[in-house]
**Q** 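Mind having a look at this structure? Questions to follow.
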Amino acid sequence: MPELPEVETSRRGIDPHICGRSILEVRVRQPQLRWPVSPEIINGLTGQRFLRTDRRGKYLLLYTESGCVILHLGMSGSVRIVDNSQEPRKHDHVDFVFSDGVILRYHDPRRFGCILWSKFPVEEHELLRDLGPEPLSDAFGADYLYERSRGRKTPIKSFIMDSHVVVGVGNIYANESLFMAGIRPQAAAGSVSRARYQALTGHIKAVIARAIEVGGTTLRDFVGGDGKPGYFQQSLLVYGRGGEPCKSCGSLLKEIRQNQRASVYCPSCQR
DNA sequence: AAATCTCCCTGTAGGC
DNA sequence: TGCCTACAGGGAGATT
């Protein structure tokens, strides 16, 4: 599943190939994603160019002179750069066809992603308007989480995965960072101390920053390859390891479900 | 307001 | 081997 580092790695991978090139055509083989592909994208982009790219949470933003494509990869989505000699494969739903035979190809087997159009200012689009701060920004830190969490009884794992609190902390990083901070995922967010939020935010920032660095080493994969950035290489401490021994103390890791999501933790290291 | 539930979809894994 | 079913999961929207 694409986490924030993969989205950022995708953005960096496609940016130099699509910016400045004329859009000849947008080919949509399957418009039914999470929401239908915006008609403005299917019909209205010909002759325009992407000027720059950006990212907000896990949303990729592709700016033209008249507006902005909002693209989300969902659970199984990917984008890559191919040339016009490469036939689309199964689940290659959308092609942005540029001059010089360059194609930005969107692939998404489960179709939980979306490709939407927004006029300026895109920050006021309803999908982006109420999002929390970026995890790597200075606005996100122990003081912020501490203040936001007072009075909240929701489990801390649900709290840090809430995109209105902070963007880009998916299930994998929530599990991993809570383990590193020694906090049980069930703990009420409002009862976690400032000091523990200090540890937690530090680990969230570190794990995401490191994953972006690792992804950067595999940028070449975005051109003609399978579009898979390198976060798969990273070793996971708890995620997917329920029932296996804790890498720190050897206790058996517990797996529970919170909000229909798997949570794995060490009953000894996390309190 | 906050917490919880539902739904979208298909590849994969497990059972027989 | 192959068929069948259960299930995972980001995140918005509905419901409690």
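To find a chain, count down the sequence lines: A is the first, B the second, and so on, and within it residues start at 1.
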**Q** Here's a test of your reading of the structure: between A/Asn259 and A/Asp108, which maps to the more 5' nucleotide of DNA chain B?
**A**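 Nearer the 5' end of the strand: A/Asn259.
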
**Q** Does NZ or CZ of A/Arg150 fall inside the cone over A/Tyr146's six-membered ring, less than 6.0 Å from its centre and within 45° of the axis?
**A**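 Checked: cation-pi criterion met.
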
**Q** Calculate the interatomic distance between A/Arg110 atom CZ and C/dG9 atom C1'; express it in whole Å.
**A**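 Going from CZ in A/Arg110 over to C1' in C/dG9 covers 7 Å.
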
**Q** To the nearest Å, how far apart are A/His72 NE2 and C/dA12 C1'?
**A**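 So the two atoms are 10 Å apart, to the nearest Å.
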
**Q** Using the closest heavy atom to pick a nucleotide of DNA chain B for each, name whichever of A/Thr154 or A/Arg261 lands nearer the 5' end.
**A**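 Checking each residue's closest nucleotide, the 5'-ward one belongs to A/Thr154.
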
**Q** For A/Gln258 and B/dC5, give me the distance from atom CD to atom P, rounded to whole Å.
**A**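 Rounding to the nearest Å, CD of A/Gln258 and P of B/dC5 are 12 Å apart.
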
**Q** Within the structure, does a side-chain N or O atom of A/His91 lie under 4.0 Å from either OP1 or OP2 of B/dC9?
**A**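 No.
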
**Q** Under 4.0 Å between a side-chain N or O of A/Ser158 and OP1 or OP2 of B/dA3?
**A**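 Indeed not, no polar side-chain atom of A/Ser158 lies that close.
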
**Q** What is the distance, rounded to the nearest whole Å, between atom CD of A/Gln30 and atom P of B/dT10?
**A**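 Roughly 8 Å, once rounded to whole Å.
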
**Q** Distance check needed: C/dG11 P versus A/Leu73 CG, whole Å only.
**A**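 In whole Å, C/dG11 P lies 10 Å from A/Leu73 CG.
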
**Q** A/Tyr265 ring centre to A/Arg184 NZ or CZ under 6.0 Å, with the angle to the axis within 45°?
**A**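 No, A/Arg184 and A/Tyr265 do not form such a contact.
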
**Q** Please give, in whole Å, the distance from C/dG13 P to A/Arg34 CZ?
**A**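 After rounding, the gap between these two atoms is 7 Å.
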
**Q** Contact class for A/Leu127 vs. all strands (heavy atom < 4.0 Å): base, sugar-phosphate, or nothing?
**A**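 Touches sugar-phosphate only.
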
**Q** Is there a stack between A/Phe112 and C/dG11, judged by ring centres under 5.5 Å and planes under 30°?
**A**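 One would not call A/Phe112 stacked on the C/dG11 base.
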
**Q** Picking from C/dG11, C/dG13, B/dC5, which would you name as closest to the side chain of A/Lys58?
**A**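 For the A/Lys58 side chain, the nearest candidate turns out to be C/dG11.
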
**Q** So, is the end of the A/Arg21 side chain (NZ or CZ) under 6.0 Å from the ring centre of A/Phe98 and within 45° of the ring's axis?
**A**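 Pair A/Arg21/A/Phe98 does not count as cation-pi.
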
**Q** When you measure from the side chain of A/Arg257, which nucleotide among C/dG10, B/dA2, C/dG9 comes out closest?
**A**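 The nucleotide sitting nearest to the side chain is C/dG9.
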
**Q** For A/Trp35 and A/Ala262, find the nucleotide of DNA chain C closest to each by heavy atoms; which residue's nucleotide sits nearer the 5' end?
**A**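 Looking at DNA chain C, the more 5' nearest nucleotide goes with A/Ala262.
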
**Q** Please give, in whole Å, the distance from B/dG11 C1' to A/Lys90 NZ?
**A**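 About 9 Å, once rounded to whole Å.
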
**Q** Using the side-chain heavy atoms of A/Tyr59, tell me which of these nucleotides is nearest: C/dG13, C/dA12, C/dG10.
**A**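 So the nucleotide nearest the side chain must be C/dA12.
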
**Q** Please state whether the phosphate of C/dG9, meaning OP1 or OP2, lies under 4.0 angstrom from any side-chain nitrogen or oxygen of A/Tyr239.
**A**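 Yes.
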
**Q** Quickly work out the A/Arg111 CZ to C/dA8 P distance and round it to whole Å.
**A**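 Roughly 21 Å, once rounded to whole Å.
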
**Q** Can you label the angle between the A/Tyr106 ring and the A/His93 ring as parallel, tilted or perpendicular, going by 30° and 60°?
**A**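 Geometry flag for A/His93 against A/Tyr106: tilted rings.
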
**Q** For A/Thr46 and A/Glu25, does a side-chain donor sit closer than 3.5 Å to a side-chain acceptor?
**A**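 No pair is found: no donor N or O on one side chain lies under 3.5 Å from an acceptor on the other.
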
